[in-house]
Engineer: 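Structure in structure tokens, see below.
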4 protein chains.
Amino acid sequence: MSEDELLLEQLFDEEKFTDKQKKIIVAAIESFSEKGYAATSTNEIAKKAGVAEGTIFRHYKTKKELLVSIIAPLMTKLIGPVIVNDFHKVLDHPYENAEDFLRATIENRRVLIKKLLPVIKIMIQEIPFQPELKQQFLDQIAKKVFDRILIVIKGFQDKGQLIEMPPASMARLAVTSIFGYLFSRYIFFPESEWDDELETERTIQFILHGIAK
Amino acid sequence: MSEDELLLEQLFDEEKFTDKQKKIIVAAIESFSEKGYAATSTNEIAKKAGVAEGTIFRHYKTKKELLVSIIAPLMTKLIGPVIVNDFHKVLDHPYENAEDFLRATIENRRVLIKKLLPVIKIMIQEIPFQPELKQQFLDQIAKKVFDRILIVIKGFQDKGQLIEMPPASMARLAVTSIFGYLFSRYIFFPESEWDDELETERTIQFILHGIAK
Amino acid sequence: MSEDELLLEQLFDEEKFTDKQKKIIVAAIESFSEKGYAATSTNEIAKKAGVAEGTIFRHYKTKKELLVSIIAPLMTKLIGPVIVNDFHKVLDHPYENAEDFLRATIENRRVLIKKLLPVIKIMIQEIPFQPELKQQFLDQIAKKVFDRILIVIKGFQDKGQLIEMPPASMARLAVTSIFGYLFSRYIFFPESEWDDELETERTIQFILHGIAK
Amino acid sequence: MSEDELLLEQLFDEEKFTDKQKKIIVAAIESFSEKGYAATSTNEIAKKAGVAEGTIFRHYKTKKELLVSIIAPLMTKLIGPVIVNDFHKVLDHPYENAEDFLRATIENRRVLIKKLLPVIKIMIQEIPFQPELKQQFLDQIAKKVFDRILIVIKGFQDKGQLIEMPPASMARLAVTSIFGYLFSRYIFFPESEWDDELETERTIQFILHGIAK
DNA sequence: CATGAATGAGGATTCATTCAT
DNA sequence: AATGAATGAATCCTCATTCAT
């Protein structure tokens with residue numbers, strides 16, 4: 001529970017929730033991420049949360065609203081680091097090189113993904129089926145984040161650190177490599193032994209220099 | 001319908017299906033990939049297929065069996081190219097270089113993914129929740145394919161074409177780059193304009209040489 | 001049950017219903033008329049009909065559709081006699097006097113109301129709350145019937161049998177007297193002893209001559 | 001609100017209610033008469049009244065008690081005029097004729113019905129389903145009022161103003177004519193244009209002399 | 001007095017599955 | 001083999017009512 005509480009704090013710092021509401025959210029996250037949204041019954045969530053089924057519907061008008069109000073704040077949480085930190089880093093330290101930037105970015109994301117794992121699983125599963133979430137995702141995450149990344153890439157290209165290539169293509173290549181690593185690490189094979197520092201380093205070197213000798 | 005028929009032929013060449021059964025499969029694939037397995041009702045599939053609901057259960061004991069018998073053959077289909085073609089290519093033409101191999105691999109996969117798109121979507125969505133599929137996937141795809149890839153990588157490393165790195169790590173980096181491209185192309189942003197040849201080339205160069213100048 | 005069957009035949013001559021569907025209709029009419037639509041649960045109807053709750057929803061998409069498909073055909077049934085019979089009577093037998101016309105009309109209605117009593121109760125209760133029914137009632141019954149009545153009244157006025165008074169007002173007075181009688185007889189005080197022939201006669205004389213000496 | 005307040009004053013002169021309680025009653029009357037008792041939720045009433053749901057149950061043990069305590073006093077209000085005024089009128093002014101009596105009675109009722117319209121609607125809807133209300137209605141209104149009416153009718157018959165007819169039948173005919181008018185006027189077609197004085201007069205003449213020439 | 005969160009029984013409706021035809 | 005009516009458990013959700021604050 002203490003771990004869940006941490007997750008909650010991470011997700012909802014400022015907002016005030018009643019005790020029961022917190023339990024509902026924790027239970028919903030657990031069930032949704034284990035069985036999927038559609039396959040989870042509100043009755044099941046209620047039991048796991050130790051509340052009456054009606055209580056869920058006092059706080060969330062529908063089951064879908066419960067889902068959305070779990071996922072939506074996550075969107076904001078996930079862009080935060082990109083927009084605020086990274087952007088400034090690059091502008092404030094013009095001497096900084098692409099390698100350090102990548103390292104910071106991956107680590108940043110790694111910690112976040114690790115903490116928000118179950119919620120991210122839900123997000124991945126449900127965004128394709130929930131137009132509301134999809135729209136939010138495209139507007140808030142995809143677009144905003146992508147725009148920042150393009151700026152950063154152009155910055156490093158201008159400094160001569162990166163090769164010439166349309167920034168959009170480069171962004172795709174770098175981003176999928178990073179998320180390829182993070183998803184392999186935390187979602188596909190979380191039970192394997194991982195030397196995070198080493199794999200992070202390999203991923204960075206791969207992004208920068210590829211695998212050819 | 002001709003496109004669906006092609007998909008079916010692709011998926012189930014040898015097997016003999018009644019006309020109704022084919023319609024059921026096509027309808028199920030469409031619904032499952034659009035709304036998800038759990039959110040699709042058998043009644044809906046029956047209507048879309050133009051058969052009675054009972055007919056579905058004459059061919060498949062349960063709804064889950066319908067899902068599995070759609071996804072399972074896909075597994076075999078997807079490894080085929082890796083195991084049969086690629087493996088032989090490398091062994092038969094020892095002079096071939098890694099770049100050509102990558103190019104063939106990506107193209108191979110690209111055509112397949114394009115054709116099997118809806119089924120692949122279902123696979124991605126449902127494998128996490130269906131232990132039966134998960135096991136099949138791990139045993140048939142992940143393991144077998146990974147083993148082959150490791151061999152191929154070692155082969156190129158031995159030929160001095162690739163840098164020294166644990167083949168497993170290298171496999172992860174290359175594979176996620178390839179699938180990062182293919183998923184971006186066909187699943188995340190299928191509606192964007194894509195110059196496939198160019199992006200394939202960029203992906204290959206990225207895997208080989210990275211983005212650093 | 002035989003009485004219910006008669007009611008059903010009366011209500012739905014030509015249409016074909018399955019056995020279970022008939023039972024559902026009979027049970028619904030009984031419950032709706034006894035406790036009101038909103039206070040009747042589908043579970044209760046199912047039990048009374050001896051079918052599974054799901055069976056109700058196989059035949060009627062919603063509870064409201066069940067209500068409407070019970071009440072709607074009644075509307076047609078109730079106007080039939082007015083439009084077809086009465087209208088022709090007056091036109092075909094120009095010598096006929098208002099008294100005989102009234103007698104036939106009341107008797108006609110009396111037999112119908114007696115037979116359709118429970119359904120009429122439902123109609124009275126639910127029309128105010130179901131816009132769909134209300135509209136149908138206004139369009140089909142109220143307007144059509146009223147138009148015919150006006151014609152009949154004008155006919156008798158022209159023949160000098162009725163006093164001068166706006167036909168609409170006269171229609172209201174006559175109609176409410178007739179329904180006042182029928183409702184007193186069958187809805188408000190059905191358990192009292194009624195000498196129907198005598199009371200019909202009194203009602204007719206009242207409509208024609210009032211109560212003043 | 002001033003109109004509602006008037007209604008309240010009309011309904012509950014002497015009793016003392018808290019401000020919130022008045023709001024609850026007003027809200028309940030509005031909702032009950034618009035959607036019916038069974039289809040109105042206490043939550044809805046609470047919102048409309050601007051009070052907490054619990055507050056309703058502080059004043060009324062159950063939802064049904066709320067209904068009854070709205071309808072019950074109405075019963076007394078509605079008989080009042082009959083028993084007190086009319087009765088005395090006839091006894092005190094033996095020379096008065098039936099026509100004037102009818103006129104006074106209708107007008108009396110007309111004003112009352114107009115003011116109490118929403119509550120009367122509720123009464124009509126719910127009496128058939130609430131045995132408690134039904135009993136009260138039969139004992140207090142139907143019986144008492146009917147007894148008075150019989151006396152009045154006999155009085156006028158003795159004075160030779162009315163024809164010979166069992167007073168009960170005559171009561172039914174006159175009463176349904178009056179209420180037929182009032183209900184047409186205020187409940188069935190309130191939105192039509194009505195010349196009240198004229199229609200009242202027509203109704204009186206109809207009751208006295210009928211429609212025959 | 002008043003609140004409103006909490007309850008859990010009960011509501012309408014959906015669903016996968018069965019089975020007589 | 002195919003049907004589609006029938007099932008009843010399960011689903012999401014609503015509601016009157018309670019009770020700690």
Side-chain angles (χ1 to χ4, degrees), chain A residues 17-21 23-24 38-47 49-66, chain B residues 18-21 23-24 37-47 49-66, chain C residues 17-21 23-24 38-47 49-66, chain D residues 18-21 23-24 37-47 49-66:
Chain A
F17 290 111
T18 73
D19 191 48
K20 304 238 166 194
Q21 199 163 356
K23 281 181 187 161
I24 291 170
T40 299
S41 75
T42 52
N43 166 35
E44 187 189 333
I45 296 172
K47 267 183 192 145
V51 305
E53 213 172 339
T55 306
I56 294 177
F57 291 93
R58 169 155 295 277
H59 292 290
Y60 305 93
K61 270 204 288 289
T62 63
K63 188 186 161 193
K64 188 168 289 178
E65 194 184 299
L66 172 58
Chain B
T18 73
D19 190 48
K20 303 236 167 195
Q21 198 163 358
K23 281 181 186 159
I24 290 170
Y37 166 78
T40 299
S41 72
T42 51
N43 165 40
E44 188 189 335
I45 296 171
K47 266 185 193 142
V51 304
E53 220 172 334
T55 308
I56 294 177
F57 290 91
R58 180 150 298 279
H59 292 289
Y60 306 93
K61 262 211 296 288
T62 65
K63 187 186 164 193
K64 188 167 289 178
E65 194 184 300
L66 172 59
Chain C
F17 290 112
T18 73
D19 191 48
K20 303 242 166 190
Q21 198 164 357
K23 280 181 189 162
I24 290 170
T40 299
S41 75
T42 52
N43 166 34
E44 186 189 335
I45 295 172
K47 269 185 191 142
V51 303
E53 215 171 339
T55 306
I56 294 177
F57 291 92
R58 169 155 294 277
H59 292 290
Y60 305 93
K61 269 202 291 288
T62 64
K63 187 185 162 194
K64 189 168 288 177
E65 194 184 300
L66 173 58
Chain D
T18 72
D19 191 47
K20 304 235 165 193
Q21 197 163 359
K23 281 180 187 161
I24 290 171
Y37 166 77
T40 299
S41 73
T42 52
N43 166 40
E44 189 188 333
I45 296 172
K47 266 185 194 141
V51 304
E53 220 172 334
T55 308
I56 294 176
F57 290 92
R58 179 151 300 280
H59 292 289
Y60 306 93
K61 262 210 295 290
T62 65
K63 187 186 165 194
K64 188 167 289 178
E65 195 184 299
L66 172 59

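Naming: A, B, ... by sequence-line order, numbering from 1 per chain.
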Engineer: Looking only at heavy atoms, what is the nearest atom pair of D:Lys63 and D:Phe57, with distance?
Structural biologist: N-CE2, 4.1 Å
Engineer: Just by protein heavy atoms under 4.0 Å, how would nucleotides 13-21 of chain E read 5' to 3' in B, S and -?
Structural biologist: BBSBBB---
Engineer: Nearest 0.5 Å, please: how far is CZ in A:Arg58 from OG1 in A:Thr18?
Structural biologist: 11.0 Å
Engineer: NZ of B:Lys23 versus C1' of F:dA2: gap in Å, rounded?
Structural biologist: 13 Å
Engineer: In whole angstrom, what separates A:Lys20's NZ from E:dG8's P?
Structural biologist: 9 Å
Engineer: Taking only residues two or more places apart in sequence, or in another chain, which ones meet D:Ala49 in a side chain to side chain contact (heavy atoms under 4.5 Å, CB included)?
Structural biologist: D:Lys23, D:Ile24, D:Ala27, D:Val51
Engineer: Nearest-Å distance, CG (A:Leu66) to P (F:dT11)?
Structural biologist: 16 Å
Engineer: Below the 4.0 Å mark, does E:dT7 have OP1 or OP2 next to a side-chain nitrogen or oxygen of A:Thr55?
Structural biologist: yes
Engineer: Whole-Å distance between E:dG11 P and C:Ile45 CD1?
Structural biologist: 11 Å
Engineer: Nearest-Å distance, CD (A:Glu44) to C1' (F:dA9)?
Structural biologist: 16 Å
Engineer: Respond yes when some side-chain nitrogen or oxygen of B:His59 is under 4.0 Å from OP1 or OP2 of F:dA1, and no when none is.
Structural biologist: no
Engineer: Mind calculating the distance between NZ (B:Lys47) and P (F:dT3) to the nearest angstrom?
Structural biologist: 15 Å
Engineer: Under a 3.5 Å cutoff on both atom distances, Watson-Crick or G-U, what's the dot-bracket for DNA chain E ([ ] crossing, | other strand)?
Structural biologist: .||||||||||||||||||||
Engineer: Of all heavy-atom pairs between A:Ala38 and B:Ala38, which one has the smallest distance, and what is that distance?
Structural biologist: CB-CB, 3.6 Å
Engineer: Any idea which heavy atoms bring B:Gln21 and B:His59 closest together, and the distance?
Structural biologist: OE1-ND1, 3.3 Å
Engineer: Who passes side chain to side chain donor-acceptor pair (under 3.5 Å) against D:Lys64, sequence neighbours left out?
Structural biologist: D:Gln130
Engineer: Please compare D:Val51 and A:Gly50 by the position of their nearest nucleotide in DNA chain E and report the one closer to 5'.
Structural biologist: D:Val51
Engineer: What integer distance in Å separates C:Ile56:CD1 from F:dA5:P?
Structural biologist: 16 Å
Engineer: By side chain to side chain donor-acceptor pair (under 3.5 Å), which residues pair with B:Thr42, not counting sequence neighbours?
Structural biologist: B:Glu53
Engineer: Sequence neighbours excluded, which residues qualify as side chain to side chain contact (heavy atoms under 4.5 Å, CB included) partners of B:Glu44?
Structural biologist: B:Ser31, B:Lys35, B:Thr40, B:Ser41
